[in-house]
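Each chain gets a letter, A, B and so on, in the order the sequences are listed, and its residues count up from 1. All of these numbers come straight from a predicted model, not from anything done at the bench. Basis for what follows: all heavy atoms, side chains included, without hydrogens, waters or symmetry-related copies.
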Amino acid sequence: MTRLLLALGALVAARAEASDPKPDPKGAAFFEAKIRPVLVEHCFRCHSADAQKAGKLKGGLRLDTRDGLRGGGDSGPAVVAKDGDSLLLKAIRHDGDLKMPAAKLPAAVVADFEAWVAMGAPDPRAADAAPARDPKTHWAFRPIVRPPVPAVKGKDGVLNPVDAFVLAKLEAAGLAPAPPADRATLLRRATFDLTGLPPTPDEVDAFLKDDGKDAYAGVVDRLLASPRHGERYGRHWLDVVRYADSAGYETDDPYPTAWRYRDYVIASLNADKPFDRFVKEQLAGDELWPDSAEAATATGFLAVGPFAFEGGIGRADVVEYQRRTDLADTTGEAFLGLTVGCARCHNHKFDPISHLDYFGLQAVFAASKPKAAKNAAADGPAMTLTHVAAPPAVRQLRRGELDAPLGVAPPAVPRALPGGGEVAADPKRRRAALATWVTAADNPLTARVIANRVWQWHFGAGLVRTPNDLGTQGEAPTHPELLDWLASELRDHGWSLKHLHRVIMASATYRRAGRGAASAKDPENRLLARFPRRRLEAEAIWDHLHATAGTIDLTAGGPPVYPPVSREALGNKLNVKWESDKYKDQWTRRAVYLVNRRSLVLPFAEAFNVALPVASAGTRDRTVVAPQALELLNGPVAVGQARAFAGRLLRECGTDPAKIADRAWVLAYGRPIRPDERADVVAFLKVERPAGKRPTPLGLPADAAVDPGFAAGVVECALALMNANEFVYVD
Amino acid sequence: MTAPAVLSRRQMLARTGLGFGAVALADLLARDGRLAAAPPDPLAPKKPHFPAKARSVIWLFMHGGPSQVDTFDPKPALAKFDGQPPPAEYHGLKLQFTDPARQKLMASRMGFVRCGRSGLEMADAFEAFRGCADDVAVLRGVHHGVFNHTPGIYLMNTGHDRMGRPATGAWVTYGLGCEADDLPAFVVMNDGPLKPGAGVWGSGYLPAAHQGTNLRPGKAPIPNLAPPPELAGADQRRALDLAQRLNRRHADERDGDAQLEARIASYELAFRMQAAAPEATDLAREPRRVRDLYGGGFGEQCLIARRLVERGVRFVQIYHGCGGGGWDTHGGNYGGHLKLIRSIDRGCAGLLKDLKARGLLESTLVVWGGEFGRTPTTEGGDGRDHNPYGFSMWLAGGGVKGGRAVGGTDDLGFKAVRDPLHVHDLHATLLRLLGLDHRRLTYFHQGRPQRLTDVFGDHDIADRLTAG
């Protein structure tokens, strides 16, 4: 037990040192006479500050300081007072895998070390001057205090406090904000932002005609009330929780009822469920609200992770360890914005998460197992958890290796953070304790993390651009006060995300034009003088194609839809049954309802940088690559929707090129066409297409006498419009 | 008076050697502060950390796990103790299906011959490949600890036995970019579905531009390369021209935003690829004698690999034995291996000879091997189980001196005992041969700089392999 208590990470050790009594003079003398010279002569070459500077530090272990020696390195504490099995002793005895130094020390020297450890390892050296790990010094670990709204000169650019924070930085940098966006741009921006869909022609028309003062606020309210909103923001959240409909790995077993968790997420966001409640339900809904089916469904968060079912032929303990690792790492990144996974192999080098804390977090999850969910019927119950009556003790693992167990790690939340420490050992209350701690009023991370994500979902980049890492290795916030203001605003308004959306979208900052040259002073537009232009995500491009073509099916919820996938793409994976024909009448549903198989990312989604559901994804890659162009130019989805778009234009406009052009513009770009653009398209449609060109199946009425050559031109035009930058970028 | 700047930017976009698909404007950004942040071209050719001979890689991946004692690691002792139980030290060895304690040692039925001037030994079933012995360095001491196919394939490719990490090919294109501007940087060919799926050549947390592109022989080697029938030829170009006219106006009104310019350029690249990719895979353009040198099936993929490397592709992987068990001979090991060896023999030999004849072998590192080896003991009557503890791979070209075996297993072929080379060290070695320091090739993700070799790989043997 002593060993257990002492086998803490460097952080905790360092705290303990502060209260350590000064070693008695006899012990100190023994250290100076018998121990220190040996350390200097035989150990410092690889285990000292100098070795570290030279990049030659071995095993992450420093022996030139008291804390280094006690806190230990990658393999755990080197010395535990009065423990005759201390790693250092075993190593110098050459008793085990680790034999140090290579040339064994004389027996008398080994005996001195044994005697010294038995004395309690007295070490008179001053406490380590190692990097400060006091959580109070890093911004994200400090309490959230609502900052005062700064005073700014450009008062008329301030619609709400958000603008004051942004403008203060702009003024300090000598930058002027862009003027407000034009109305069509603003409507398209807000509609894609809140619903992931383009505005309809009627919505465009209505907003352009309504110059009332409340027109825009009305639009925001309408969009927030739309069921499409939960689908859009739900998809954002599903990235964060690495949602998928299958287990991954070789067998990639389907999770036939994982969709119930996906629908729970969408419904919760539509209902504006308080975010703290939303978090608690996902971490511990079953423990906190045992009678609520909804809260049980929420724990699907814990059940839909990657899982190696082929474990039957491998090692069950490996599979279980991978499961707990996924849960600890995902929980850390998703809710706390901390890369706790770094502490799996050693104390977190930069953030206040010790090796013991990390396995304590794993121990929280050791008490729950997913109910066997594979092979369930698609209309079966949600994927949930069951408690293990007598959960096995979780051990700290040297370097994270399963075959190198150290002491037991009791269930705990990070000790150095406010309210941290061991939690109830009761297997049925562990996650409840974690959830309560994550959402506690004094937890400095949770509110900041979600406020930052919400900002990112509106502006394309967070105030902290590493949304899953607010720790010391993450980026610093561009507007720390604004982030804290938003976080406290969220907490003060019942954790209402919709309130936060309204506040952000009501700001002048959100409503600025995206045009205007970048300033050399802020080439990345981090200070938000302009609204950041950005490419739509894979799902929004999919939805946009279908909405513009008029084919989109807005049915909500239910089992995932298998769209057609080329034989070649399927050919790369065994074991995946892809019965897409059964879903033929649902192929044009919103992308959020398409299946997410871990072993086979849909080619369309993959081309446009969808996140891999193997770990929490805070951001998406936005590389511009040629395969994306091929996907939209030649791929079956885009070509199919271009044909449907052409058919729609011919049905709605007949064969009048100007009418077709006008209608196409408002459907594709949400704005009226300009004369030069109309002239270009009309000329394009009038080009003689070779005779004999067969009509494409455009869904025209049987009596529609459309010249096949003209129809082909409309298809070409539709495809061109869907490929143009304006289609996939939002200003 | 900004017109000249705009013009030069367009000209540069039209001319710069832009990587497959991704368009680079970082340098433009530097000289034109007006541009918004553009994604830098992830595939622009980059200088290696050190000078190196190897510039590209062709990795022949033998799916299923080839048996070392039946290919490149002859074990006379195994013949001596054929049919006897293995020594106690191997009992309880963690294998997938068998415990050696209950199995018998099984001699190889292959004949082994000394080949070339070097006298390097290999199974005589390699009738053509035998002639390449002097160019081949066999690594007889490769090892790791993962005995299942899927995690083993992940480990061999990504350095981790879990899904979701970048493949070696992705790391290499991340480190070196790509010389070809109209072909993918990292190409994968396979002869059937692979157990773990396409994640094996994924880019993991690296930018998606680094993921492997699956390429199939024939007229449509890359997905979506062919326009729909009603938009073939001139019609497609006309539609593209309309889109680009719209794009031009759109971008000009937005101060030539670099991300918009990048996308405009990506369409021209895509248009060029439609022609370049089928050309690169069209073997009808090769003379008959070259096609004969490689043989069919696997050989054709090897020939495509040579054409790709010749055109500047950085990393090519060919998976052999997919769709079924491949080299996974749990039963009928001898017959199975004989057939498998014959199916790759000409391809391997043709590739090395042809590369050498064209002067490409020095700059092309060829890698051969599976996710693990097989046991020297039986499984069932005549099969062999998986064995990750000691197995053989070989390297050729890229500055590697051939005609020798490096490292070795114990007398029976169970475990690597002489100069064991862990997979992490193999990865470090491959990177080093390409001029990359595995410690410096990092990508910041999940709170720390990530590497192909994680925190391992400190024992690369590149210097040894390139020394005379």
Check whether any side-chain heavy atom of [X] lies under 4.5 Å from a side-chain heavy atom of [Y], and answer yes or no.
X: A:Pro306; Y: B:Arg162; answer: no
X: B:Gln259; Y: A:Tyr729; answer: yes
X: B:Pro196; Y: A:Asp252; answer: no
X: A:Arg515; Y: B:Asp257; answer: no
X: A:Val687; Y: B:Arg238; answer: yes

Taking every non-hydrogen atom, the tightest pair across [X] and [Y]:
X: A:Ala615; Y: B:Gln446; value: CB-NE2, 4.0 Å
X: A:Ala720; Y: B:Ala243; value: O-CB, 3.6 Å
X: B:Asn224; Y: A:Pro636; value: OD1-CD, 3.5 Å
X: B:Ala209; Y: A:Val625; value: CB-CG1, 3.9 Å
X: B:Met273; Y: A:Ala626; value: SD-CB, 3.8 Å
X: B:Ser266; Y: A:Ala629; value: O-CB, 4.0 Å

- Message: Under a 4.5 Å cutoff for heavy-atom pairs, which residue among A:Gln628, A:Arg399, A:Arg535 has the most contacts with chain B?
- Response: A:Arg399
- A:Asp621 CG to B:Leu206 CG distance, which is reported to the nearest 0.5 Å: 9.5 Å
- Message: Distance check, rounded to the nearest 0.5 Å: A:Leu630 atom CG versus B:Tyr267 atom OH?
- Response: 9.0 Å
Which atoms of [X] are under 4.5 Å from chain A, going by heavy atoms: the side chain, the backbone, both sets, or neither?
X: B:Leu246; result: side chain
X: B:Gln236; result: side chain
X: B:Phe444; result: side chain
X: B:Glu268; result: neither

Which answer fits [X], side chain, backbone, both or neither, if we ask what part of it has an atom under 4.5 Å from a heavy atom of chain B?
X: A:Asp469; answer: side chain
X: A:Phe608; answer: neither
X: A:Arg674; answer: side chain
X: A:Val728; answer: side chain
X: A:Glu333; answer: side chain
X: A:Asp522; answer: neither
X: A:Thr325; answer: side chain

- Message: I'd like to know if the side chain of A:Asn725 reaches the main chain of B:Asn247, judged simply by a donor and an acceptor atom lying under 3.5 Å from each other, with no hydrogens or angles considered.
- Response: no
- By ring pair (Phe, Tyr, Trp, His ring centres under 6.0 Å), B:Tyr205 pairs with (sequence neighbours left out) B:His445
- Residue that, paired with B:Pro227, satisfies side chain to side chain contact (heavy atoms under 4.5 Å, CB included) out of A:Leu719, A:Asn634, A:Leu633: A:Asn634
- Query: Who are the salt bridge (charged side-chain N to carboxylate O under 4.0 Å, His left out) partners of A:Asp680, not counting sequence neighbours?
  - Reply: B:Arg245, B:Arg249
- Note on the structure: One option among B:Lys94, B:Arg254, B:Met163, B:His250 has the most heavy-atom pairs under 4.5 Å with chain A, and it is B:Arg254
- So which of B:Gln244, B:His149, B:Arg439, B:Gln274 has the biggest tally of heavy-atom pairs under 4.5 Å with chain A? B:Gln274
